[in-house]
> 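The structure that follows is given in the form of structure tokens.
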Amino acid sequence: MPELPEMETYRRLLAEQLVGRTLADVYIGREKSLNVPPEPFTRRVRGRTVNSIRRRAKHLIFDLDSGDHLLLHLMLGGWMFWGSEADRPERTIQVRLDTREGSLYFIGLRLGYLHLLDASALEERLQPLGPEPLQPAMSLEQWMNRMAGKRGRLKSQLVDQQVIAGIGNCYADEICYDAGIRPSRTCPSLVRQDWERLYASVQRVLLAAVRYGGYMEHPLYTGDRLTGGFDERCQVYDREGEPCARCGTAIMKESLSGRKLFYCPECQR
DNA sequence: AGATGTACCCGGACGC
DNA sequence: TGCGTCCGGGTACATC
């Protein structure tokens, strides 16, 4: 569920808390969250300092001073908490990274994972991903080249991580609503003006979502006022039957390729 | 190439 | 309170 804006919010806030800190210890409650057995994982992580935290698509990358990297994907329902044992959520903890100043708790990792990779393995894992939608390199022309030649449904392309990286089920619907275009439209049916509007909406929606801290419901730490601020600003996602903010028509819910799909039947054509 | 189907995974919400 | 049941949904992969 966490998409680009949620992971970007985590990156911003965690960088303030964790960069420069030393990972004094590791707790592993669920071995399947890892890609190596607990013993070598602990040996390679314990005592390492976090040099930087980066985001790529829906992944976070913790760069360690050893040259190793921790690659995090929260998949569905995964989230994190930064704090102490006293104020942590009463939930099952899959992994915990301890520093002297606090611990980072990984919660709800079912299909999610925290993988320990060297530089070449990391590069290999990230290689198939499409471009970052908010990077300057994603110009209108690049967007046109990547999207306009496709043949499938618009939404299928928006959520395809190899076409463009970081957009998931919620933001695909929000972007299409912002652009006034139905997500179920096929790509060949869209004209250049539609693609230009979609390009602008990708930037507008994702930037706004990042600014307001994404839609995650759990604060990252006690007193976190940023995380989740975009939830109330979602216009269509999970709002079936509610009136469209622009025209008052009830938001529709459908299924497209096995995914939930929300749109305004009046504003989106 | 795109669409469809399925396995993966299990916490927690819900029902009785 | 307690126990059983079932859902969610990104990704990878097989198949048509």
Side-chain angles (χ1 to χ4, degrees), chain A residues 1-11 27-36 38 55-61 70-81 88-96 105-115 117 121-122 124-133 145-176 182-190 206 209 214-218 231 234 236-240 253-263:
Chain A
M1 290 200 288
E3 307 175 33
L4 185 155
E6 289 67 45
M7 299 312 284
E8 182 62 20
T9 301
Y10 275 138
R11 187 199 62 74
Y27 161 82
I28 298 158
R30 177 180 179 269
E31 296 183 18
K32 282 184 177 179
S33 299
L34 313 177
N35 59 328
V36 296
R55 180 191 59 76
R56 178 74 172 96
K58 304 175 189 174
H59 301 85
L60 275 198
I61 302 155
L70 290 170
L71 179 67
L72 171 71
H73 197 308
L74 293 174
M75 289 287 222
L76 45 140
W79 51 288
M80 289 180 278
F81 183 81
R88 78 164 175 89
E90 293 199 16
R91 298 292 181 90
T92 306
I93 307 298
Q94 281 80 46
V95 182
R96 191 187 71 224
Y105 298 86
F106 297 83
I107 304 164
L109 294 186
R110 291 172 206 173
L111 302 182
Y113 53 81
L114 185 67
H115 284 181
L117 304 168
L122 176 68
E124 195 175 320
R125 287 284 291 276
L126 301 180
Q127 195 275 330
L129 292 170
E132 287 286 328
N145 291 339
R146 283 199 86 78
M147 300 296 290
K150 300 292 180 184
R151 291 203 256 139
R153 310 269 190 168
L154 170 59
K155 177 161 179 176
S156 301
Q157 303 305 322
L158 287 175
V159 300
D160 187 331
Q161 300 301 295
Q162 301 193 42
V163 174
I164 184 164
I167 298 171
N169 211 28
C170 171
Y171 289 107
D173 286 0
E174 294 297 323
I175 287 164
C176 290
R182 291 206 189 185
S184 55
R185 289 276 295 277
T186 62
C187 292
S189 76
L190 301 175
L206 293 181
Y215 58 60
M216 296 297 286
E217 58 180 313
H218 303 103
D231 187 42
C234 286
V236 288
Y237 193 74
D238 260 341
R239 295 194 180 280
E240 181 188 17
K253 177 182 180 181
E254 286 178 11
S255 180
L256 181 70
S257 319
R259 295 167 172 276
K260 286 192 293 186
L261 163 65
F262 300 88
Y263 68 100

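Protein chains get the first letters and strands the later ones, always in sequence-line order, with residue 1 at the start of each. These numbers come from the heavy atoms of this one structure, side chains and all, not from hydrogens, waters or symmetry mates. Note that the structure is a prediction, hence the values are computed from the model and not measured.
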> According to side chain to side chain contact (heavy atoms under 4.5 Å, CB included), who are the partners of A:Glu31, at least two apart in sequence or on a separate chain?
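For A:Glu31, the residues satisfying side chain to side chain contact (heavy atoms under 4.5 Å, CB included) (neighbours in sequence not counted) are A:Ile28, A:Pro38.
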> For the pair A:His73 and A:His59, name the ring-plane relationship: parallel under 30°, tilted 30 to 60°, perpendicular over 60°.
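Geometry flag for A:His59 against A:His73: perpendicular rings.
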> Give me the ring orientation class for A:Phe262 and A:Tyr237: parallel if the planes are under 30° apart, tilted from 30 to 60°, perpendicular past 60°.
perpendicular
> Over how many whole Å does the gap from A:Trp79 atom CH2 to B:dG11 atom P extend?
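Whole-Å distance recorded here is 13 Å.
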> Nearest whole Å is fine: how far is B:dG11 P from A:His218 NE2?
15 Å
> Once you round to the nearest 0.5 Å, how far does CG of A:Leu74 lie from CG of A:Leu60?
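Result: 7.0 Å between the selected atoms.
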> Can you tell which of A:Leu122, A:Leu117, A:Leu114 makes a side chain to side chain contact (heavy atoms under 4.5 Å, CB included) with A:Leu70?
A:Leu114
> For nucleotides 11-16 of chain C, give me one character per nucleotide, 5' to 3': B if any protein heavy atom sits under 4.0 Å from the base, S if the only such contacts are to the sugar-phosphate, - if neither.
S-----
> Output the rounded distance in Å from NZ (A:Lys155) to P (B:dG2).
18 Å
> Output all residues satisfying side chain to side chain donor-acceptor pair (under 3.5 Å) with A:Lys260, sequence neighbours left out; order by chain, then residue number.
A:Asp238
> Starting at atom CG of A:Leu261, determine the distance to atom P of C:dG10, rounded to an integer number of angstrom.
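After rounding, the reported distance stands at 13 Å.
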> So do A:Leu72 and A:Met80 actually touch side chain to side chain, heavy atoms under 4.5 Å?
yes
> Grab the N/O contacts between the protein and nucleotides 4-9 of chain B below 3.5 Å, and write none if there aren't any.
| residue | atom | partner | partner atom | Å |
| --- | --- | --- | --- | --- |
| B:dC9 | O3' | A:Arg30 | NH2 | 3.3 |

> Is any side-chain heavy atom of A:Leu158 closer than 4.5 Å to a side-chain heavy atom of A:Met147?
yes
> Would you indicate which nucleotide in B:dG2, B:dG12, B:dA3 comes nearest to any side-chain atom of A:Arg151?
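The closest nucleotide is B:dG2.
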> Applying a 4.0 Å non-hydrogen cut-off, can you work out what A:Gly108 is touching in the nucleic acid: base, sugar-phosphate, or nothing?
nothing
> Rounding to an integer number of Å, can you tell me how far A:Leu154 CG sits from B:dG2 C1'?
15 Å
> Return the set of residues passing side chain to side chain contact (heavy atoms under 4.5 Å, CB included) with A:Leu111 (not counting sequence neighbours), or none when no residue passes.
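Partners of A:Leu111 by the side chain to side chain contact (heavy atoms under 4.5 Å, CB included) criterion, ordered by chain and then number, come out as A:Met75, A:Leu76.
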> Round to a whole Å and report the spacing from CD of A:Glu6 to P of C:dG10.
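Those two atoms, CD and P, are 12 Å apart.
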> Figure out the CD/P separation between A:Gln157 and B:dA1, and round it to whole Å.
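From A:Gln157 CD to B:dA1 P: 12 Å.
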> Among A:Glu132, A:Glu6, A:Glu3, which residue satisfies the salt bridge (Lys or Arg N to Asp or Glu O under 4.0 Å) criterion with A:Arg55?
A:Glu132
> To the nearest 0.5 Å, how far apart are CD in A:Gln157 and OG1 in A:Thr186?
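So the CD of A:Gln157 and the OG1 of A:Thr186 are separated by 10.5 Å.
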> Output the rounded distance in Å from CG (A:Asp160) to P (B:dG2).
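That distance rounds to 8 Å.
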> With each end axis built from five pairs of C1' atoms, what bend angle do you get for the helix from B:dG2-C:dC16 to B:dC16-C:dG2? Round to 10°.
30°
